[in-house]
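First up is the structure itself, then whatever we jot down about it.
Letters go in sequence order (proteins before strands), and every chain restarts at 1. Side-chain atoms are counted along with the backbone in the values below, which use heavy atoms only and exclude waters and symmetry mates.
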Amino acid sequence: MTRRLMEGSEAMAEASIAAGCRFFAGYPMTPFTELLESFARRLPEAGGTCINAESELEAVGMAWGAASTGARAATGSTGQGLSLMQESFSEMTRAELPMVIFNMARGQGDYFQSTRGGGHGDYRHIVLAPADTQEAVEHTQLAFDLSDRWRNPVLIYGDYLTAHTSESVEIEPMEFPELPEKDWAVDGTLGGTGRSRTVNPLGVDKQSAGIDPEALWNRLQAKHDAIEREEVRVETGFLEDAEVVVVSFGGVARFVRHVVRSLRQEGHRVGFVRPVTLWPFPYEAVAAAAESASRVAVLEQNAGQMIDDVKIGVLGRAPIVAIGGISTDPSGFGVGDILDPAVIHERIRGVLSDA
Amino acid sequence: MTRRLMEGSEAMAEASIAAGCRFFAGYPMTPFTELLESFARRLPEAGGTCINAESELEAVGMAWGAASTGARAATGSTGQGLSLMQESFSEMTRAELPMVIFNMARGQGDYFQSTRGGGHGDYRHIVLAPADTQEAVEHTQLAFDLSDRWRNPVLIYGDYLTAHTSESVEIEPMEFPELPEKDWAVDGTLGGTGRSRTVNPLGVDKQSAGIDPEALWNRLQAKHDAIEREEVRVETGFLEDAEVVVVSFGGVARFVRHVVRSLRQEGHRVGFVRPVTLWPFPYEAVAAAAESASRVAVLEQNAGQMIDDVKIGVLGRAPIVAIGGISTDPSGFGVGDILDPAVIHERIRGVLSDA
Amino acid sequence: MEREIMFTGIGGQGVQLGAQILGLAATREDRHVMLFGTYGGSMRGGNTDSTLVVADAPISSPPIVSTTWAAVSMHHQYWEPMRRKLTAGSVVFLNSTLFEEEFDRTDLQVIEVPATELATEIGTPLAGSMAMVGAVAAATSIVGIDSLVQAMEESLPGYRKQHAADNEKALRAGFEFAETDVAPAWTQREDSNGDG
Amino acid sequence: MEREIMFTGIGGQGVQLGAQILGLAATREDRHVMLFGTYGGSMRGGNTDSTLVVADAPISSPPIVSTTWAAVSMHHQYWEPMRRKLTAGSVVFLNSTLFEEEFDRTDLQVIEVPATELATEIGTPLAGSMAMVGAVAAATSIVGIDSLVQAMEESLPGYRKQHAADNEKALRAGFEFAETDVAPAWTQREDSNGDG
Amino acid sequence: MPDSISNTLRTDVPPAEPSKKVGALKPELLLKENHHLCPGCGEPLVVRMMLEALESLAAQQRTIGVLGIGCYTAFGSTLDVDLVQALHGRAPSLATGVKRMRPEAMVFTLQGDGDMVNEGLQEIIHTAARGESVTCILLNNGVFGETGGHMTATTVLGQRTKNSLDGRDAAYHGYPILIGDLLAQLQGTAYAARGSVHSAAGVASTGRMLKRAFESQARGEGFSFVEVLTMCPTGWFIPTAKGPEYLNEVMGEVHVTGELKADGVLTTTEQLRERGAAKD
Amino acid sequence: MPDSISNTLRTDVPPAEPSKKVGALKPELLLKENHHLCPGCGEPLVVRMMLEALESLAAQQRTIGVLGIGCYTAFGSTLDVDLVQALHGRAPSLATGVKRMRPEAMVFTLQGDGDMVNEGLQEIIHTAARGESVTCILLNNGVFGETGGHMTATTVLGQRTKNSLDGRDAAYHGYPILIGDLLAQLQGTAYAARGSVHSAAGVASTGRMLKRAFESQARGEGFSFVEVLTMCPTGWFIPTAKGPEYLNEVMGEVHVTGELKADGVLTTTEQLRERGAAKD
Amino acid sequence: METVESRGTVTVSVERCKGCELCIPACPPVVLSMSSEVNKLGFRYPELSPGCTGCRACLLVCPDFVFEVFRFDTPVQHEVAS
Amino acid sequence: METVESRGTVTVSVERCKGCELCIPACPPVVLSMSSEVNKLGFRYPELSPGCTGCRACLLVCPDFVFEVFRFDTPVQHEVAS
Ligand SMILES: Cc1ncc(C[n+]2csc(CCOP(=O)(O)OP(=O)(O)O)c2C)c(N)n1
Ligand SMILES: Cc1ncc(C[n+]2csc(CCOP(=O)(O)OP(=O)(O)O)c2C)c(N)n1
Ligand code: SF4
Ligand code: SF4
Ligand code: SF4
Ligand code: SF4
């Protein structure tokens, strides 16, 4: 395959199919719509199924059913739609179902929801936040792998930019180490043998007298800890002698990277930390960067959410300044004033001059 | 009114009615069910309406509609049901609607959802976490007041214990300073005058060309900051010379308070901080307590959620130890092993001996 | 003085109602009362238990206790967790009609009440918990039988009022059966102070 | 060299399609391309704009830019935000059939194209953006007309293929109308390197 | 075409000759006539008829509307009645809460087919079954207009949408729901009708249905419902001028217009179709 | 009562006399016979008939069930077929995903009326409209059993529940939904029937309906649906022994049993009632 | 004394019976009746008198899977007090 | 020359017209036709020829609230080229 000019949405759908995704269900909502359209067009050609679900609740249910059979399945939405799916996300995680969730967000206001789980109870998704189209392609494939590997939903935090920017990309199926067999998946063949299976979020097993939450929980907690140890991903740049460290993620980080590069060219001692996984969060990388910095600036397109994680990472080592803010564009799609290199340039300059 | 033996659920419904609540809608779920039953029985007698909504989504919608007319309205649920309502909670907060939400939780695993908003976007509820039945009565009334005062949903974080413990309580309507008039509420009378009203989460006003997110957001953000300044509530005990400070909330804090008292009687230097409001979180009280302590222990009935806020409060001043854990009782209702004074006694002793 | 009485049994055996009636009766007698029940998922057939604390002063205990002064078991199923809360001298009431397990602790005061049998004799085997509560009242004097009967009548929801007569019979049958004051709850009856 | 061209207009005027065709044509000519569009809530009638970056090497710019080399305005509505991104020397293409505002900046190179009129003459007023893109190609040589026509044909979804002929006419009409190379995009045409 | 066509008359000012205005630019209850909906969209026509029905019932100062999320939501800033903006699909529940607290008000919802029959199917059915005294108005164009013309639960077989480009296929996409029929047969429903704005007569008749629905609500008879078929040339990917014809021939064949429940009489779409066929 | 009654026979062991077992303790596909459902509950009867229908179709090793949340969920640990546990109301969507990925499997859902007609009404209707090739089984006891006997969307007028203690009142609580009728009329539905377990004959006939539904699924005809009226003496607050009578006389009068759609013929509940009345 | 013929018989898993009594009216020849004793769960349970036809009605209506039903190869006669 | 009678007339808010053409076939006497010019939004708009009856059809079908309709007290006669 060679590089093609492709919209982010289309590229993510193609990457999913390359990763073996065979089921998708979704309900239109800007800027998620084009992802759904791409799946609707391409999945049947690839021998899969894409259902134009009648609502997000139904979409996530369908994907849950499909994933239960062992198929690589995905769903997604935007804002409101993701909120509606939270009940399912919570319980699906307890059921240890692999699933890829595309959050094509309007801005970055869903950080808490994505990283802490917006639903009831204790659960986490692995969250990948690509910064550009090529990375979205790689993250998509990685997501399917991680999801199967950990038997845990993986969420891709995209946004209007990720969805709608067309760039030249290359979609090659990526190689991953071998995965465990999906012996838990239902195919109907074990009925009547006494070994029939259950995909169950309640922790009820066949022949059990009821819920065994302790066993279930210990397993989930151990997995949670292992993911926190093994799956942290982070990108850093220009940190060596940085006085100011800028922390940002996703589409916004692409702007920050660009601006920091030009500030360096202007001779400013500024660097960046970009969490690639939002959960597990790169606390150590943030702590290390803060060690020698005189200020940590957090640029996120929301009212201040990731800043909590930055605080937990920095733990008082350096003052933290919020230089982001919610997206106030009238379309409501999260393409507000912040997304302007000149604005970001100015805000970082502000922190530099205070530092 | 004199003291009566009343189940927590019933007491909260009575307190709501005493506070002027005239609308409730809900869908049964343990341990929320009895609250719904109490409203269903008592509201019509008090001239109000209680609808046995056909689902939680419909319940929150009905309450939204009722609140839009200026009526004091409430809804609630448990776990799954609350998750389903997150889309509405998010947008209702943007629409600046007063609303009281009863989260009769199974355990304390909904801390993140309650304090950070489980839905999309940036929003917060004021969260009150009563520790016993009498306090539940007071918090309920306070919730209606705060909700109207700030035009913001207020969530009461209850649990199985709050719902199902019967105690002798007294329900007297509480006095609060006067509230602003609800001139934003729709009653239908201003149609055709050019001054008709809109209760709108999108930030669209009559005659406007579209969304004005900046104005909306500045208002919301200012309110958010004011609430953080003015509405922090916290209970502390035995902190003076405490080597170990135990942080816990809600029904669990009642056990901690009891156990700390008995540990003090045994001569141990232990004290407690109990956030009464979970948002705004009493960061300063936690920081102050940590200043002189050699250890901060966090006892919450979940996999570790409030501990994030404790970390943000303590900011490295003292080591933090998690001594809680999820509730592993087979009923799934959040009444697990931790809820035992002897168990808590032992866990705090463990921290004391390390300190 | 705080007296913890824990009840356990199978859902449907009337465990919650029994504890509630006892608590309400104690309230009528101006005691301080705290009552907390749990039950499993489905309506009947699962485990169910209830913790009642009755005191002559405001209660400091949380609603779940680590040790109990008395325990009432309507059935040996789900009895295990309760056993751990018994301390030397705890009073144990067993529904001897159904309780079938070995009972090897000698440091306890065990009172056997054929509660289901007593109720079956009246014609309503499901009123066993009433008979048991009657027996508890007799053996401990924690409340009087009249308060108990009144509390039972108050507790029945409208659609169950028809059971009142049989329940009263069962309460009284249990009260008659048990030996009076073999495990007194109160060292001496204090008059309720203004706090009640 | 990175050339930013921003398009703006009213939804329904073909702004997105115009930018897309130009981008696709540039891709065909082995340029590096990045394209990003936004539009308001409802399908048509709201604001819409698109940012196209075409370069002869991998692009470093993020998809939203602070300054633009060229701007294309199909209508004066929603033109305001774009105005701020113009720097001295920026090239501005105005749809003179509809653009009605005062234009007082003398530091810009303004090219007026009666795009809607050209399209109306062909009989499809809504193909104005095609005429405009044709004119941009002529004036800047950023892409050739043949790439443009091919790109247009590729871009039309199946259910709109019937518009291809009219669109081509409009592209060519615009191309004919504008003076060739008055605002050249590339100082000199470099051959695409292996990276393209 | 008569050749008088070349004699264009002035239409920029009211006539100089003595005359009576028989049709106003816009309903009184609309704050301004401008809107951003697409050329040829049928939704504004329903907004007009609805407001005129409310005016004719002198309900201006006792009306509360609840808006769904779709293209018509844009009227939120120009409808001069008290409004509550609902989330996608949730309007009937909000209307329920509003009505219970303001029983004297005329309460309506305005929703698209995506809003009502996809995302909010459950809410509309439960609200109808509950016999809630509100009037729900469906703008049925068989597509999600706002997101760009995707299939909804009312899209008819063979209809081309953005995600059924070769036409809706029963085997893959399932069958359309005749929502009016489902609602009409619920005991809580007092009035149900299906109109269409593909022609002036259709618009006028839609106006009468809306008025009857509001009258029914005023009499407290129960739930009332008016479905209106509306053009969405954008979402159908056809020239705007072809909208009415397409509406009538494609959607109208399946979602047949007429009163489905009135004065206690239930009429199924099947029966309406037979009557129509009989008339042909 | 014949006086033979005093002559109690041994029933603890199979008979010594030569005999044939004609009724097994439990279906083969049930791992154990014990369960915690209440005395007199009707739900286990449907579980039995469903499993026996699957056995009779030799579908043991190609069946995937999706369970809703209600009292019957307890069978999740004893049904010996592959299972997916859904959340309350969501089973039909899960079943859709399962079936699309395992088209060769016999896919069913088991749901209560609270699950299907309250929380999940939208899902079941969309699944039926889509003509999804799954069999959905409704255990309709007119109450939320598991939470303690509250009114659902199928509770009949006058029925006493925990939150309609004086009986369901149309003016305050609205009307029951005849879910079978709604589903039967959707084009995607191939088979729909309503049975009852209030008597041995009812149980047997329910078994036949379940078998026909599965057969229809096996033939790929579309969506199939069996509603079964079941006793919930606990939620109805009546003595267990009165369950069947109450079921028949209170619920059965409204939710009339019979086939609602079979072999392309649609029969409304109204028609079933008339037929029943005619027979009387 | 008189003779009653049983064409079938049943087994009853007494200890699992929850005493719902559904089987009693379901039995067409009315040969089931509730015990006066209770089982270990505290419930009365059905007892069988002669005259069973092996019709399976009890099995069909028993929610607790208590019955097995047998049909005799040749009917069995019981002598009963009249 | 011939005479055409108008019983009514309309005003057209040309600048708000979006050129959808719905009014053209809706007009029973067919006295509306699309302009050859475009308005400031770039759309053609309806023009009126003699013969309007004041029936309101155009107003009813116009989604952009472009028309007002008047009925003359006495019909107006226009001379038109035949
Ligand atoms: C929960 C949720 N999902 C999706 C959307 C995105 N959305 C906005 S409008 C719309 C379609 C509306 O279609 P319809 O109701 O038919 O109205 P129309 O636009 O055709 O008038 C959708 C899917 C949303 N706002 N909320
Ligand atoms: C979203 C959600 N809301 C509420 C509940 C609580 N809940 C569990 S079972 C149940 C009632 C089930 O009733 P039904 O479906 O009729 O089945 P039954 O118990 O009568 O068999 C409810 C409301 C839940 N589990 N999830
Ligand atoms: S997309 Fe369709 S429904 Fe929306 S405004 Fe345009 S024509 Fe109307
Ligand atoms: S098999 Fe028939 S006859 Fe025999 S006991 Fe059972 S119901 Fe009665
Ligand atoms: S039907 Fe079954 S559970 Fe009920 S009494 Fe008879 S044997 Fe016992
Ligand atoms: S009022 Fe009637 S006759 Fe006159 S222009 Fe309009 S549609 Fe034509």
Side-chain angles (χ1 to χ4, degrees), chain A residues 22-25 48-73 75 85 87-88 90-92 94-95 97 119 184-212, chain F residues 27-32 34 36 51 54-55 58-67 69 73-107 109 119-120 122-127 129-130 132 134:
Chain A
R22 288 299 170 269
F23 188 89
F24 192 83
T49 301
C50 175
I51 309 194
N52 302 297
E54 292 85 352
S55 74
E56 291 87 352
L57 277 177
E58 289 158 274
V60 69
M62 292 170 187
W64 178 326
S68 302
T69 68
R72 283 197 158 176
T75 184
M85 294 182 179
E87 182 200 20
S88 294
S90 170
E91 300 281 336
M92 190 185 283
R94 286 169 60 106
L97 273 183
W184 49 266
V186 294
D187 63 3
T189 59
L190 291 186
T193 64
R195 291 173 294 115
S196 57
R197 290 154 292 208
T198 299
V199 174
N200 192 314
L202 307 176
V204 176
D205 288 327
K206 288 286 166 77
Q207 299 268 27
S208 71
I211 300 177
D212 179 358
Chain F
E28 274 172 37
L29 287 176
L30 196 64
L31 288 167
K32 65 172 189 244
N34 281 16
H36 277 161
L51 294 179
L54 289 168
E55 288 165 13
Q60 285 93 332
Q61 275 158 45
R62 52 185 173 95
T63 295
I64 304 178
V66 182
L67 299 183
I69 301 271
T73 307
F75 283 99
S77 59
T78 55
L79 293 183
D80 194 15
V81 293
D82 275 2
L83 289 179
V84 184
Q85 176 64 56
L87 294 177
H88 194 51
R90 315 283 155 232
S93 296
L94 270 72
T96 298
V98 168
K99 183 73 181 188
R100 294 286 182 126
M101 292 294 99
R102 296 276 177 210
E104 69 290 356
M106 188 75 86
V107 176
T109 73
E119 185 87 41
Q122 170 154 332
E123 313 230 342
I124 191 75
I125 295 181
H126 282 145
T127 304
R130 234 185 291 113
E132 212 61 62
V134 298

Under 4.5 Å heavy-atom distance to chain A, tell me which part of F/Glu123 shows up: side chain, backbone, both or neither. both
When rounded to the nearest 0.5 Å, the distance separating CZ of A/Arg197 from CD1 of F/Ile64 is 8.0 Å
Among F/Lys99, F/Arg90, F/Arg100, F/Glu28, which residue has the highest count of heavy-atom pairs closer than 4.5 Å to chain A? F/Arg100
Please evaluate residues F/Leu87 and A/Ser88 with respect to the criterion side-chain contact (heavy atoms from CB on, under 4.5 Å), reporting the C-alpha separation (whole Å), side-chain torsions for both, the decisive distance (0.1 Å), and the verdict. CA-CA 7 Å; F/Leu87 294 177; A/Ser88 294; 3.9 Å; yes
Closest non-hydrogen atoms of A/Gly191 and F/Gln61, given as atom of the first, atom of the second and distance, are O-CG, 3.1 Å
Residues which pass side-chain contact (heavy atoms from CB on, under 4.5 Å) with A/Ser196, listed by chain and number, not counting sequence neighbours: A/Lys206, F/Asp80, F/Asp82
Taking only residues two or more places apart in sequence or in another chain, which ones pass ring-ring contact (aromatic ring centres under 6.0 Å, His included) with F/His126? none
Any idea which heavy atoms bring F/Leu31 and A/Gly194 closest together, and the distance? CD2-CA, 3.9 Å
Counting heavy-atom pairs under 4.5 Å with chain F, which one of A/Met92, A/Glu58, A/Glu87 comes out on top? A/Glu58
Which bit of A/Thr198 comes within less than 4.5 Å of chain F, counting heavy atoms only: side chain, backbone, both or neither? both
Could you pull out the closest heavy-atom pair between A/Phe23 and F/Met101, with the gap in Å? CD1-CE, 3.6 Å
Checking F/Thr63 against chain A: side chain, backbone, both or neither under 4.5 Å from a heavy atom? backbone
Quick check on A/Glu91 against chain F: is it the side chain, the backbone, both or neither that has a heavy atom closer than 4.5 Å? side chain
I'd like to know which of A/Asp187, A/Val60, A/Leu190 tops the heavy-atom pair count under 4.5 Å against chain F. A/Asp187
So which part of F/Leu79 gets closer than 4.5 Å to some heavy atom of chain A, the side chain, the backbone, both or neither? backbone
Region of A/Leu202 that comes under 4.5 Å of a non-hydrogen atom in chain F: side chain
Where is the tightest heavy-atom contact between A/Val186 and F/Arg102, given as atom of each residue plus distance? O-NE, 3.4 Å
Using non-hydrogen atoms only, which part of F/Glu55 is less than 4.5 Å away from chain A: side chain, backbone, both, or neither? neither
